[in-house]
Amino acid sequence: LSTMFGNSLENREVGITGDVEFVDIDGPTVILALRGRFWHKREDVLARVSSFLQERIPEIMSVEVEDPGMLLEENNDFEPGDPMAGGSGAGAGW
């Protein structure tokens with residue numbers, strides 16, 4: 001997943017640190033984690049990843065995030081401790 005939906009050096013240089021991580025699979029449900037900052041809305045990222053996985057593995061019925069808070073845009077911020085985040089109180093940093 002990180003090969004297709006991870007971040008590159010070029011993206012990290014402008015503060016885009018978003019990464020999609022596999023967490024678990026529960027029957028036909030894949031559970032993922034969204035971490036860091038994305039170019040797109042987090043819901044859009046999840047929809048694209050879901051489509052990508054379901055096209056390749058038709059048995060997958062749903063793709064969900066580990067924690068619903070990972071879809072909140074206020075969490076689309078820098079990772080904790082990221083030097084680019086400054087002291088301005090970055091979000092939850094999923």
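Along the sequence shown, the residues carry numbers beginning at 1. Everything numeric in this text was worked out from a predicted model, so none of it was measured.
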Worksheet item: Should E64 and T29 be marked as a side-chain contact (heavy atoms from CB on, under 4.5 Å) after you check the CA-CA gap, both sets of side-chain angles, and the distance that decides it?
Response: CA-CA 7 Å; E64 302 173 0; T29 301; 3.7 Å; yes

Worksheet item: What's the verdict on side-chain contact (heavy atoms from CB on, under 4.5 Å) for D67 and V65, showing C-alpha distance, side-chain angles and the deciding distance?
Response: CA-CA 5 Å; D67 180 331; V65 289; 5.8 Å; no

Fill in: Atom of L32, atom of F22 and distance for their closest heavy-atom approach
CD2-CA, 3.8 Å

Worksheet item: With a cutoff of under 4.5 Å between side-chain heavy atoms, which Ile, Leu, Val, Met, Phe, Trp and Tyr residues group with V23?
Response: I31

Practice prompt. Using side chain to side chain donor-acceptor pair (under 3.5 Å) as the criterion, list what pairs up with E55, not counting sequence neighbours.
Written response: S51

Discussion item. Walk me through whether R35 and E66 qualify under side-chain contact (heavy atoms from CB on, under 4.5 Å).
Written reply: CA-CA 11 Å; R35 303 193 191 286; E66 181 179 34; 3.6 Å; yes

Worksheet item: CZ/R37 to CZ/R42 distance, rounded to the nearest 0.5 angstrom?
Response: 10.5 Å

Practice prompt. Just do the side-chain contact (heavy atoms from CB on, under 4.5 Å) check on E59 and Q54 with the steps written out, would you?
Written response: CA-CA 7 Å; E59 295 81 10; Q54 290 174 323; over 6 Å; no

Discussion item. So, using salt bridge (charged side-chain N to carboxylate O under 4.0 Å, His left out) as the criterion, who are the partners of E43 when residues are at least two apart?
Written reply: none

Fill in: CD-CG distance between E21 and L34, expressed to the nearest 0.5 angstrom
9.0 Å

